[in-house]
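Scroll down for the structure; my scribbles are underneath it.
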Amino acid sequence: MTAVPDLDQLRAEFQAALDAAASAAELRALRDRFLSRKHGSVTLVVKSIASAPPEARRALGSRANALKQEIERVLDERERAAAANAPVAGAVDITLAGRMPALGRRHPLTQVRERIEDIFLAMGYQIVEGPEIEDDWHNFEALNMPPEHPARDMQDTLYLASPVPAADGGRPATLLRTHTSGMQIRYMESHEPPVRIIAPGRVYRRDSFDATHTPMFTQVEGLVVDEGIGLGDLKGTLIAFAERFFNAGVRTRFRPSFFPYTEPSAELDVECLNCHGAGCPLCKQSGWIEVLGCGMVHPAVFEAVGYDPERYTGFAFGVGIERLALRLYGVDDIRMFYENDLRFLGQLAP
Amino acid sequence: MKVPVSWLRDFVDVPADAREVATRLATCGFAVEGIEGDTIDFEVTANRPDCLSVYGFAREAATAFGLPLRPIETTNVASSGGAPIPVAIDDPACGRYALAFAEITVGPSPDWLAARLTAAGVRPINNVVDVTNYVMLELGHPMHAFDAATLAGPEIHVRLARAGERLTTLDGQARTLEASMLVIADRDRAVALAGVMGGSATEVSRATRSIALESAWFQPASVRVTARRLGLKTEASARFERGADPAAPMRALARAIELLVETGVGRPTAAPVDVYPTPATPRRLQLSRDHVARLLSDRIPDQDIERTLERLEFRLSPGPGGWTVDVPSFRVDVTREADLIEDIGRHWGFDRIPTTFPPLRTTPRPSSPGAARARLLRRVLCGVGLQEAVTFTFIDREAATRFAHAGGVVPIANPLSEKFAVLRPSLLPGLLDSLAYSRRRESPDVRLFEAGAVFSPSGERQQAGWVLAGSRGEHWSGSSGPVDFFDAKGLAELVALSLGAPIDVGPTDDLPWFAAGRRARLVLADGTPVGSIGQILPAVVAEHGLGTADEVFGGEVDLDLLSRAGGSAVQPIHPIPRHPSVVRDLSILVDERLPAATVRGTIRTHAPATLVAVREFDRYQGKGVPNGQVSLSVRLTFRDADRTLTDDEVQQAVEAIVAALTREHGATLRGQ
């Protein structure tokens with residue numbers, strides 16, 4: 001009797017049969033062929049051990065049992081895998097469209113506004129809000145723009161046909177605010193320094209509609225007042241803002257400018273996002289795009305709200321949200337933001 | 001202001017390359033609008049009328065490049081008596097009035113002069129008018145030439161116009177003047193709008209032989225008012241209303257006479273008249289070294305401060321801690337120390353200022369509650385599939401009136417157009433416009449919301465509004481149907497829940513923009529109205545460009561009232577009930593006009609305290625339900641915090657409820 005080569009051949013036979021088996025039924029047949037209690041080929045070898053010569057019985061026994069266990073383990077494994085892949089009742093066409101819940105998007109102007117707000121909130125600013133219809137004092141006079149000041153022309157104003165009472169019982173509103181600076185005045189009138197606020201909201205100017213102008217637009221203005229605030233603080237803060245808003249390495253420059261309520265005044269430019277400073281139609285070949293106006297608060301503004309200009313200095317800035325949104329989304333007509341076309345708004349990130 | 005570099009080089013030896021000059025001056029506060037050949041178009045901010053001139057730019061360029069500035073040399077034309085035309089200033093809005101006299105021969109200007117005017121954007125007219133314009137561009141001081149023979153008297157009065165007085169200006173417009181307008185008049189009539197434009201009756205023509213050249217100073221506010229009232233902006237008014245140099249009139253006259261002689265146009269015939277009742281006193285300011293360092297965050301060396309200001313023609317004398325500074329008369333913008341510091345900073349270079357960061361010395365104060373509220377609301381409404389819209393605050397009067405309460409709307413005095421004539425009384429008309437816009441453009445299913453201000457004659461309020469149309473959502477597995485009233489109501493409930501203030505529907509009496517039978521007022525628990533919901537009237541929907549068959553639902557709530565009712569305190573979380581609840585469903589037949597709220601009320605009134613929730617889960621009319629009746633199914637949930645309820649006591653409670661429903665509403669249990 002030559003039982004020893006039988007085991008190796010049996011293992012090879014099993015392996016070949018296993019490789020060919022695909023279905024659960026074939027696996028069942030395989031189990032029957034090798035492990036059946038009556039005629040399984042491994043079972044027969046195990047049974048034959050008793051008739052083997054005594055000196056070979058022990059070694060043969062352990063090898064035959066090992067093969068039996070191995071085959072059992074492999075078949076168990078394959079049968080579990082086959083069972084897991086068996087389709088349940090009611091299999092579906094997985095390529096049909098999913099039932100996605102409807103998801104609205106925040107308006108792009110909101111998204112840009114919140115992005116700006118978040119940057120300044122992280123720098124320790126608080127958000128203040130106020131009325132969109134204002135009185136002359138808060139919109140102009142307290143901001144160093146007395147009646148007949150030529151700078152009032154810079155912000156051609158929409159006036160109310162008749163005054164409307166103010167919510168806080170103060171001066172009745174006579175105009176649509178041309179900037180959110182009125183909120184800064186209101187805040188300073190009721191709080192002592194230090195001041196570190198942003199004032200976001202809609203503002204209005206009597207501008208005709210074109211690709212870059214609408215009579216209504218959105219601003220975020222900021223104000224910092226404390227002892228010892230200088231132009232360097234303005235620069236540091238606004239460069240930090242530009243780096244967070246655009247990207248960490250964005251190039252910036254400050255150009256002197258004029259606003260009646262700041263002295264010195266400046267405008268912050270960042271390198272054109274389109275051409276990176278090389279010059280293109282988007283930046284009118286200058287390589288720079290205007291991002292915001294800013295400056296050191298004019299002492300006349302402090303006098304108007306009862307702050308001591310000898311003791312306190314501060315800076316203020318104003319960012320136009322539409323302009324940034326045009327750049328950020330690569331949109332070329334500001335009017336798109338007010339049409340609320342779902343084909344436009346639906347493209348935004350949630 | 002268009003500045004030819006070759007003209008600039010009459011006064012300062014700047015580089016001939018326009019780009020180089022432009023780049024340098026841009027960093028000093030003069031934004032460059034464009035460059036065309038030799039000419040740079042600078043933007044001049046409203047505070048710098050002195051730079052509405054080539055010489056003003058020469059001064060800035062000399063400072064920026066550190067080069068000497070050549071003064072304009074003119075022979076001083078002394079004023080003396082015996083003026084051929086006497087001048088009287090009758091109104092203080094004219095601070096100074098000078099006239100020079102010359103015999104001239106009118107013709108075209110020499111080419112070089114005409115070319116410079118053209119480069120600076122001014123059209124050549126004739127050799128006399130061109131000289132006045134040339135001097136205006138060079139020195140920044142506007143002048144005007146009268147045909148002396150046309151002046152009645154001849155005399156000049158500077159006075160206010162008589163109400164209704166007529167004047168035909170050089171542009172050919174016959175204008176009716178107001179009493180607030182300052183005019184130049186001869187003996188009989190107004191001949192020019194002071195500082196704005198001359199009159200055609202006295203203008204220099206081909207026939208003119210002798211001229212009276214005006215060089216004056218007018219109050220900025222006066223010129224501004226006249227220009228605005230007449231809607232007339234000119235090169236002259238732009239300079240006067242920003243503030244001309246009161247010291248300039250005689251120098252400008254001398255320069256003009258010199259040019260007339262030099263170009264062979266004519267010669268002076270008499271010494272000029274100069275009426276200057278109260279000469280301006282030069283401003284004197286104190287400049288503190290410490291204040292410069294504080295505002296600019298840097299210690300700028302004394303020599304740089306002195307050099308910059310002196311090149312800009314300030315006069316400095318050192319004093320304790322700084323300088324005493326005399327301001328030149330042309331710098332009308334410099335009235336305080338900060339203005340001087342700006343000039344120092346501009347020419348030092350903002351890019352050289354160190355970058356620092358303001359210290360946070362105290363805890364930031366909390367933000368306005370409205371800011372966080374708006375964010376929460378946007379996230380909730382976007383999360384349930386509404387798209388945020390931003391619509392205009394001003395709208396068409398008729399569209400607004402449809403949605404206005406009895407108080408009316410807030411009109412704008414000077415609207416851009418009729419489409420934007422009044423402030424919105426409601427968010428709905430704007431949202432409806434946007435909804436119609438998308439529905440007409442391939443997006444039939446529209447759900448929009450907006451949060452923002454609305455206006456009435458009694459004030460401004462913050463609201464949230466929403467509009468819905470089309471289907472709730474299409475899917476191959478079946479449609480969930482068109483939106484209806486209860487979508488609009490559910491959104492109101494969601495908004496109220498988000499702000500922590502439960503709401504209910506209340507009686508409607510004044511919501512004419514919603515369809516009767518499908519509209520409701522929203523009220524707080526105490527009955528305060530906080531908003532409304534409903535189907536927008538088909539006629540109104542049609543006015544916004546949709547079909548009358550389009551059903552549009554909408555709603556609006558007052559955010560201030562809601563959040564005040566909701567409060568800002570964090571609500572405690574109650575422990576989860578330890579004992580199970582018992583649920584019983586009831587289906588009853590009642591009159592179809594009986595409101596569900598009445599049924600719920602009757603159930604609550606007659607139920608024990610263990611009834612914790614009652615909610616309708618089905619409403620059916622049709623087969624098996626008699627006409628005029630409705631089958632209403634409600635789910636009752638009973639629970640006791642301290643023990644498990646027995647079937648018996650729940651059964652008793654249900655029986656009591658059914659008995660009450662039968663007694664009070666004639667209800668019958670269905671299927672019995």
Side-chain angles (χ1 to χ4, degrees), chain A residues 96-97 99 102-107 109-110 124 126-129 131-133 148 150-151 154 158-161 164-165 167 194 196 202 206 208 215-216 224 226 228-233 235-237 239 253-258 263-264 266 296 298-299 313 337-343 345, chain B residues 26-29 45-47 221 224 241-242 294-297 336 338-339 342 345-346 350-351 353-358 360-362 364-368 370-371 378 381-382 385-390 392-393 410-414 416 434 437-438 441 443 446 453 457-460 473 475-476:
Chain A
L96 283 168
R99 198 177 288 116
L103 181 63
R105 273 104 169 143
R106 286 170 298 137
H107 194 276
L109 298 176
T110 299
Q126 65 174 120
I127 301 174
V128 300
E129 295 188 322
E132 293 180 19
I133 50 176
E148 302 309 328
M154 292 161 65
L158 289 161
Y159 289 93
L160 304 180
V164 170
R196 200 182 266 234
R202 294 180 173 197
R206 206 171 176 283
S208 298
M216 174 184 105
V224 171
D226 204 346
I229 299 290
L231 191 62
D233 297 319
K235 282 186 64 183
T237 299
I239 289 172
R253 72 172 185 190
F254 287 84
R255 273 184 301 106
S257 187
F258 167 69
E263 192 78 38
M296 303 305 296
H298 198 289
T313 48
F337 292 127
Y338 301 103
E339 282 169 352
N340 301 305
D341 190 327
L342 291 182
R343 295 169 301 176
L345 299 177
Chain B
T27 66
C28 299
T45 53
N47 59 329
R224 193 180 131 90
E241 71 177 51
R242 285 171 174 78
R294 180 174 70 165
L295 210 57
L296 299 183
S297 305
R336 324 183 51 132
D339 302 316
E342 174 169 62
R346 275 190 311 122
F350 282 4
D351 286 333
I353 303 287
T355 298
T356 54
F357 206 77
L360 193 59
R361 294 195 303 126
T362 54
R365 298 183 182 106
S367 291
S368 296
R378 288 191 179 104
L381 291 176
C382 286
L386 272 73
Q387 171 64 51
E388 187 189 10
V390 171
F392 287 112
T393 304
V410 179
I412 295 173
N414 55 339
L416 211 57
S434 292
Y437 187 95
S438 276
R441 288 170 179 78
S443 307
V446 189
S458 59
E460 175 178 344
H475 190 250
W476 54 266

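Each chain gets a letter, A, B and so on, in the order the sequences are listed, and its residues count up from 1. Values reported hereafter were calculated over all heavy atoms of this structure, with side chains retained and with hydrogens, waters and symmetry mates removed. Predicted model, so just to flag it, every value in this text is computed and none were measured.
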Examine whether an atom of B:Leu296 lies under 4.5 Å from a heavy atom of chain A, and if so say whether it belongs to the side chain, the backbone or both; otherwise answer neither. both
Distance check, rounded to the nearest 0.5 Å: B:Thr356 atom OG1 versus A:Leu231 atom CG? 8.5 Å
Could you tell me if the side chain of B:Arg346 sits less than 4.5 Å from the side chain of A:Pro264, heavy atoms only? no
Donor-acceptor contact present, side-chain B:Glu460 to main-chain A:Ile133, <3.5 Å: yes
So do the side chains of B:Asp339 and A:His298 get within less than 4.5 Å of each other, counting heavy atoms only? yes
I need the residue from B:Ile412, B:Thr45, B:Asn414 with the largest number of non-hydrogen atom pairs under 4.5 Å to chain A. B:Asn414
What part of B:Pro358 is in contact with chain A, defined as an atom under 4.5 angstrom from a non-hydrogen atom: side chain, backbone, both or neither? both
Please check this pair: side chain of B:Arg441 against backbone of A:Asp341, looking for a donor-acceptor N/O pair closer than 3.5 Å. no
Can you tell me how far OG of B:Ser438 sits from CD of A:Glu339, rounded to the nearest 0.5 angstrom? 9.5 Å
Are B:Phe357 and A:Thr237 close enough that some pair of their side-chain heavy atoms sits under 4.5 Å apart? yes
A:Leu103 versus chain B, heavy atoms under 4.5 Å apart: side chain, backbone, both or neither? both
When A:Gly230, A:Gly228, A:Pro256 are compared by non-hydrogen pairs under 4.5 Å with chain B, the top option: A:Pro256
Shortest non-hydrogen separation from A:Asn340 to B:Ser434 and the atoms involved: ND2-OG, 2.8 Å
Selection from B:Ala26, B:Cys382, B:Gly29, B:Gly345 maximising heavy-atom pairs under 4.5 Å formed with chain A: B:Cys382
When rounded to the nearest 0.5 angstrom, what distance separates CE in A:Met296 from CG in B:Leu295? 4.5 Å
Smallest heavy-atom separation, B:Ser458 atom then A:Pro165 atom, equals O-CG, 3.9 Å
Which residue out of A:Ala266, A:Gly124, A:Ala167 racks up the most heavy-atom pairs below 4.5 Å with chain B? A:Gly124
For the interface with chain A, which of B:Gly459, B:Ser443, B:Pro411 has the highest count of heavy-atom pairs at distances below 4.5 Å? B:Pro411
Roughly how far apart are B:Glu342 CD and A:Ser257 OG, rounded to 0.5 Å? 8.5 Å
Applying a strict 4.5 Å limit to non-hydrogen atoms, the region of A:Asp226 in contact with chain B is side chain
Given a strict heavy-atom distance threshold of 4.5 Å, which part of A:Met216 is in contact with chain B: side chain, backbone, both, or neither? both
Using modelled atom types and a 3.5 Å cut-off, is there a donor and acceptor pairing between side-chain atoms of B:Ser368 and backbone atoms of A:Glu129? yes
Please round to the nearest 0.5 Å and tell me the distance separating atom CD of A:Gln126 and atom CZ of B:Arg365. 6.5 Å
Below 4.5 Å from any heavy atom of chain A, which atoms of B:Val390 appear? Answer side chain, backbone, both or neither. both
Check whether the side chains of A:Arg202 and B:Thr393 place a donor and an acceptor atom closer than 3.5 Å, and report yes or no. yes
At a 4.5 Å cut-off on heavy atoms, which part of B:Arg294 comes close to chain A: side chain, backbone, both, or neither? both
Against chain B, label A:Arg196 side chain, backbone, both or neither, depending on which of its atoms sit under 4.5 Å from a heavy atom there. side chain
When the 4.5 angstrom heavy-atom criterion is applied to B:Tyr437 and chain A, the contacting part is side chain
Winner by heavy-atom pair count (cut-off under 4.5 Å) against chain B, out of A:Leu342, A:Leu160, A:Leu109, A:Asp233: A:Asp233
Working to the nearest 0.5 angstrom, can you tell me the gap between A:Arg106 CZ and B:Leu386 CG? 15.0 Å
